[in-house]
S.K.: 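Have a look at this one.
So you know, we letter chains A, B, ... as the sequences are listed, proteins then strands, and number each from 1. Model, not experiment: these values are computed from the prediction.
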Protein chains: 2
Amino acid sequence: MSAHPAESEALLTPSEVATLFRVDPKTVTRWAKAGKLSSIRTLGGHRRYRESEVRELLNGVPQPREGKA
Amino acid sequence: MSAHPAESEALLTPSEVATLFRVDPKTVTRWAKAGKLSSIRTLGGHRRYRESEVRELLNGVPQPREGKA
DNA sequence: TATCATTCGGGTAATTTGGGCC
DNA sequence: ACTGTCCAAATTACCCGAATGA
């Protein structure tokens with residue numbers, strides 16, 4: 001094993017996020033495109049999502065985005 | 001500034017890079033073969049990757065425009 | 001020298017992407 | 001406006017045996 005602590009944020013695949021929210025992976029992709037969910041891209045173009053962000057959204061943390069101007 | 005030629009760049013193993021991107025180590029190998037990621041070979045043929053390059057790719061250096069134009 | 005996890009290779013399923021439509 | 005489904009193409013994941021690394 002490597003002793004290199006390449007610390008980083010845990011990432012989730014589209015299907016994993018979709019399972020957590022009980023929606024289609026396609027819907028998760030739409031959230032990412034809409035900027036509602038930040039995503040990291042693999043070198044092949046596939047999306048990865050931050051586990052911490054997904055968890056907070058799942059926990060129902062009130063996110064200040066409904067600000068109707 | 002060091003008196004030594006500090007050409008020693010921190011290197012990462014395939015599994016470490018794979019963990020950072022949340023992909024299979026085989027996928028990282030594929031990226032190297034495709035020239036998307038520069039690799040250094042051990043004398044036995046195993047690949048090592050530059051940590052600095054990997055981190056820049058993770059943060060998104062040349063990020064494909066995802067937003068709508 | 002021996003042991004064990006990892007990384008070679010290839011080959012084949014499964015997933016993801018993107019656009020369009022309901 | 002939002003989600004689910006269909007399609008084709010691209011990317012990624014898991015399978016094996018053999019070699020390398022520590």
S.K.: Whole Å only: how far is the CZ atom of B:Arg48 from the P atom of C:dC8?
M.R.: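 After rounding, the gap between these two atoms is 8 Å.
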S.K.: Compare side-chain N and O positions of B:Arg47 against OP1 and OP2 of C:dG9 and report whether any pair is under 4.0 Å apart.
M.R.: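 Yes, B:Arg47 has a side-chain N/O under 4.0 Å of OP1/OP2 on C:dG9.
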S.K.: Output yes when at least one side-chain N/O atom of A:Thr42 is less than 4.0 Å from OP1 or OP2 of D:dT12, else no.
M.R.: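 So the side chain of A:Thr42 is within the cut-off, an N or O lying under 4.0 Å from OP1 or OP2 of D:dT12.
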S.K.: Rounded to the Å, how far apart are B:Arg41 CZ and C:dG9 C1'?
M.R.: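 Distance check: B:Arg41 CZ to C:dG9 C1' gives 10 Å.
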S.K.: Output one line per pair: protein atom, nucleotide atom from nucleotides 7-9 of chain D, and distance, for all N/O pairs under 3.5 Å.
M.R.:
none

S.K.: What residue pairs, at least two apart or across chains, pass side chain to side chain donor-acceptor pair (under 3.5 Å) with a residue in residues 32-44 of chain B?
M.R.: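 Counting only pairs at least two positions apart or across chains, the side chain to side chain donor-acceptor pair (under 3.5 Å) contacts touching residues 32-44 of chain B are B:Ser38-B:Glu53.
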S.K.: Measure NE2/B:His46 against C1'/D:dT20 and give the value in whole Å, please.
M.R.: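 In whole Å, D:dT20 C1' lies 4 Å from B:His46 NE2.
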S.K.: Just jot down the side-chain hydrogen bond (donor to acceptor under 3.5 Å, both in side chains) partners of B:Arg22, sequence neighbours excluded, or say none.
M.R.: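 With sequence neighbours excluded, B:Arg22 shows a side-chain hydrogen bond (donor to acceptor under 3.5 Å, both in side chains) to A:Glu16, given in chain and number order.
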S.K.: Looking only at heavy atoms, what is the nearest atom pair of B:Asp24 and B:Ala18, with distance?
M.R.: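 Minimum heavy-atom contact is C-CB, 3.8 Å.
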S.K.: Tell me whether the side-chain N/O atoms of A:Thr13 come closer than 4.0 Å to OP1 or OP2 in D:dT12.
M.R.: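 Answer is no, no contact under 4.0 Å.
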S.K.: To the closest 0.5 Å, what do you measure between CD (A:Glu51) and CG (A:Leu58)?
M.R.: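 One gets 10.0 Å once the value is rounded to the nearest 0.5 Å.
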S.K.: B:Thr27 side chain N/O closer than 4.0 Å to the phosphate oxygens (OP1, OP2) of D:dA13?
M.R.: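 Checking B:Thr27 against D:dA13: at least one side-chain N or O falls below 4.0 Å of OP1 or OP2.
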S.K.: Based on the rotation axes of five pairs at each end, what angle does the helix from C:dT3-D:dA22 to C:dG19-D:dC6 bend through, to 10°?
M.R.: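 Angle reported: 60°, given to the nearest ten degrees.
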S.K.: Rounded to the nearest Å, what distance is computed from the CG atom of residue A:Asp24 to the C1' atom of nucleotide C:dG19?
M.R.: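 Value for this atom pair: 16 Å.
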S.K.: To the nearest angstrom, how far is B:Glu16 atom CD from C:dA5 atom C1'?
M.R.: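 Answer to the nearest Å: 13 Å.
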S.K.: Hey, could you give me the CD/CD1 distance between B:Glu9 and B:Ile40, rounded to the nearest 0.5 Å?
M.R.: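 That separation rounds to 8.0 Å.
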S.K.: Does any pair with a residue in residues 19-50 of chain A pass ring-ring contact (aromatic ring centres under 6.0 Å, His included), and if so which ones, sequence neighbours excluded?
M.R.: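 For residues 19-50 of chain A, and leaving out neighbouring residues, the ring-ring contact (aromatic ring centres under 6.0 Å, His included) pairs sorted by first residue read A:Phe21-A:Trp31.
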S.K.: Looking only at heavy atoms, which two atoms of A:Leu11 and B:Leu20 are closest? And how far apart?
M.R.: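 The answer is CD1-O, 3.3 Å.
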S.K.: Rounded to the nearest 0.5 Å, what separates atom CG in B:Leu12 from atom OG1 in B:Thr19?
M.R.: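 Taking CG in B:Leu12 and OG1 in B:Thr19, the distance rounds to 10.0 Å.
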S.K.: Rounded to whole Å, how long is the line connecting atom CG of A:Leu43 with atom P of D:dA10?
M.R.: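 That distance rounds to 18 Å.
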S.K.: Which residues in residues 28-38 of chain B have a heavy atom closer than 4.0 Å to any atom of DNA chain D?
M.R.: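 Close to the strand are B:Arg30, B:Trp31.
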S.K.: Between C1' on C:dT6 and CG on B:Leu12, what's the gap in Å once rounded to a whole number?
M.R.: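 That distance rounds to 15 Å.
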S.K.: Indicate the atoms forming the closest heavy-atom contact of A:Arg47 with A:Pro14, along with that distance.
M.R.: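 Heavy-atom minimum between the residues: O-CD, 3.3 Å.
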S.K.: Taking the side chain as everything from C-beta on, heavy atoms only, tell me whether B:Arg48 gets closer than 4.5 Å to B:Thr13.
M.R.: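 A side-chain contact under 4.5 Å exists here.
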S.K.: Expressed as a whole number of angstroms, how long is the span from A:Arg22:CZ to D:dG4:P?
M.R.: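 The answer, rounded to whole Å, is 12 Å.
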